[in-house]
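Numbers restart at 1 for each chain; the letters A, B, ... are given by sequence-line order, proteins then strands. When reading the values below, keep in mind they use all heavy atoms of this one structure, side chains included, and skip hydrogens, waters and symmetry mates. Since the structure is predicted, the reported quantities are computational estimates derived from the model, not experimental observations.
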There are 2 protein chains.
Amino acid sequence: MDTAGVAADTMPTGPCARIPEGQSAFVREILERVGDKWTLLVIATLQQGVRRYSDLHHTVPGISQRMLTLTLRQLVQDGLVTRTAYAEVPPRVEYALTPLGISLLDIVGALIDWVSTHHDEIREHRTHAGQATRKSTTKPTPMNAKS
Amino acid sequence: MDTAGVAADTMPTGPCARIPEGQSAFVREILERVGDKWTLLVIATLQQGVRRYSDLHHTVPGISQRMLTLTLRQLVQDGLVTRTAYAEVPPRVEYALTPLGISLLDIVGALIDWVSTHHDEIREHRTHAGQATRKSTTKPTPMNAKS
DNA sequence: CAGGATCCAGTTGGATACTG
DNA sequence: CAGTATCCAACTGGATCCTG
């Protein structure tokens, strides 16, 4: 899958192809959206259907009420999740993914898949890192005879 | 917008359809890898070819030496980027993406593409959010539970 | 030029307690 | 049950100075 060229439309590979500043703003926007600690986890849980607050609190291991509330509120505000509150005596609130949220989850699935595929490869690098990164013993074209 | 019945009725996957704990660990690993402030930006810059330290420092707007060094070191350690140091009088170090890093960038491209497509949609939600998310005045089916 | 070391501000996020 | 509010520890990341 390393040979697949999916979306490189706005990324010209020319010699002077510096990174567009607008593009970096986009990258930032992604990270601020899904790059926090719980957003993706909540979305992934919501993928399996409508969930109540306590359900989410129980399903996502280790999340606090504060973080769950904050994450959900952000997701609702961004239109990725719907919130439905029932005015019952025991309060009941249900959260569900919107089509927009589902589409995001679809993209994220590819990322999860990537990590599942390469995470052992990465871990291998992490363990004994630093043998080819040494001073260039292979000598590509060093020593420009500066002096 | 208010059609929250996206997949509400579809409650399959049985009672034990909770999110796999191993999966959440994977999600975490993704975020800790590419979810920081600069990693994706550096990778995106490296997509355009081999870059020197100062090149990266100049190309990625606003990054500090500390963060550039830390990000690069992490990427090299994970096997996503190669580091080549030339033993010249003016030190020269070049960074380049490995096939693994390229494959990651390919996945991330899809994410960028998603944001490019839906970011105006999200912004629209963010601006006037909070009218359909109110207490259910429509009274869906507030059936009194048993107790 | 490339990067290490240190200090410090801003932010994230967890634990707890309280409310409607 | 479904949050809200407050406090606080940990981490992130920027600025600056220093080294090979």
Side-chain angles (χ1 to χ4, degrees), chain A residues 24 27-28 31-42 50-77 81-96 130 133-136 142-144 146-147, chain B residues 24 27-28 31-42 46 50-77 81-96 130 133-136 142-147:
Chain A
S24 56
V27 175
R28 276 291 171 65
L31 297 179
E32 286 169 12
R33 181 106 23 225
V34 300
D36 63 2
K37 201 173 179 182
W38 300 107
T39 298
L40 286 187
L41 256 24
V42 171
V50 178
R51 291 282 183 172
R52 297 175 59 173
Y53 184 89
S54 52
D55 283 341
L56 291 169
H57 190 31
H58 174 255
T59 305
V60 181
I63 195 171
S64 60
Q65 297 94 322
R66 193 182 109 100
M67 278 302 108
L68 181 56
T69 301
L70 259 54
T71 303
L72 285 171
R73 186 154 46 180
Q74 176 195 287
L75 289 172
V76 169
Q77 187 182 246
V81 164
T82 57
R83 187 193 120 114
T84 311
Y86 299 88
E88 301 175 356
V89 182
R92 183 162 57 100
V93 179
E94 290 182 346
Y95 294 92
T133 61
R134 279 298 189 186
K135 294 276 186 171
S136 62
M143 309 305 184
N144 296 44
K146 199 81 171 283
S147 61
Chain B
S24 57
V27 175
R28 275 291 172 64
L31 297 178
E32 286 168 13
R33 181 108 21 228
V34 301
D36 63 0
K37 201 174 179 181
W38 300 107
T39 298
L40 286 186
L41 255 25
V42 170
L46 250 30
V50 178
R51 290 281 183 172
R52 296 177 58 176
Y53 184 89
S54 52
D55 283 340
L56 291 169
H57 191 29
H58 174 255
T59 305
V60 180
I63 195 171
S64 59
Q65 298 93 324
R66 193 182 107 99
M67 277 303 106
L68 180 55
T69 301
L70 259 53
T71 302
L72 285 171
R73 186 156 44 179
Q74 176 195 284
L75 288 172
V76 169
Q77 187 183 246
V81 163
T82 57
R83 186 193 120 115
T84 311
Y86 299 87
E88 301 175 358
V89 183
R92 182 162 57 100
V93 179
E94 291 182 345
Y95 294 92
T133 61
R134 276 301 186 190
K135 291 277 187 170
S136 61
M143 67 295 269
N144 325 27
K146 38 211 189 114
S147 168

Taking OH from B:Y53 and C1' from D:dT19, how many angstroms apart are they, rounded to a whole number?
13 Å

What is the distance from NE2 of A:H58 to P of D:dA2, rounded to the nearest Å?
14 Å

So which protein nitrogen or oxygen atoms get under 3.5 Å of nucleotides 18-20 of chain C's nitrogens or oxygens?
none

If only side-chain N and O atoms of A:W38 are considered, is one of them under 4.0 Å from the OP1 or OP2 phosphate oxygen of C:dT12?
no

Under-4.0 Å side-chain N/O to phosphate OP1/OP2 contact, A:K37 with C:dG14
yes

For residues A:T71 and A:K37, determine if any side-chain heavy atom of one lies less than 4.5 Å from a side-chain heavy atom of the other.
no

Measure across B:I63 and B:L56 and return the closest heavy-atom pair with its distance rounded to 0.1 Å.
CG2-O, 4.4 Å

Locate the shortest heavy-atom distance separating A:Y53 from A:L68; write the atom from each residue and the value.
O-CD2, 3.6 Å

Rounded to whole Å, please give me the gap between CG in A:L40 and P in C:dG13.
12 Å

Whole Å only: how far is the CZ atom of B:R51 from the C1' atom of C:dC1?
17 Å

First of B:S54 and B:R66 reached from the 5' end of DNA chain C, by closest nucleotide
B:S54

For B:E94 and B:Y86, which I'm curious about, is there any donor-acceptor pair between the side chains at under 3.5 Å?
yes

Contact summary for B:G35 and A:L31, nearest pair of heavy atoms
CA-CD2, 4.1 Å

Counting only side-chain heavy atoms from C-beta out, which of D:dC7, D:dG3, C:dA2 sits nearest to B:V93?
C:dA2

Look at all strands and tell whether B:T69 reaches a base, only sugar-phosphate, or nothing, counting heavy atoms closer than 4.0 Å.
sugar-phosphate

May I have the distance from B:Q65 (atom CD) to D:dC17 (atom P), rounded to whole angstrom?
12 Å

Calculate the interatomic distance between A:L70 atom CG and D:dG3 atom P; express it in whole Å.
12 Å

Of all the heavy-atom pairs spanning B:L46 and B:Y95, show the shortest one and how long it is.
CD1-O, 4.1 Å

Can you name the closest pair of heavy atoms from A:R33 and A:Q74 and give their distance?
O-NE2, 3.2 Å

Base, sugar-phosphate or nothing for A:R52? Non-hydrogen atoms, less than 4.0 Å.
sugar-phosphate

In whole angstroms, the gap separating C1' of D:dA2 from CG of A:L68 amounts to 10 Å

Please report the distance, rounded to the nearest Å, between CG in B:D55 and P in C:dG3.
12 Å

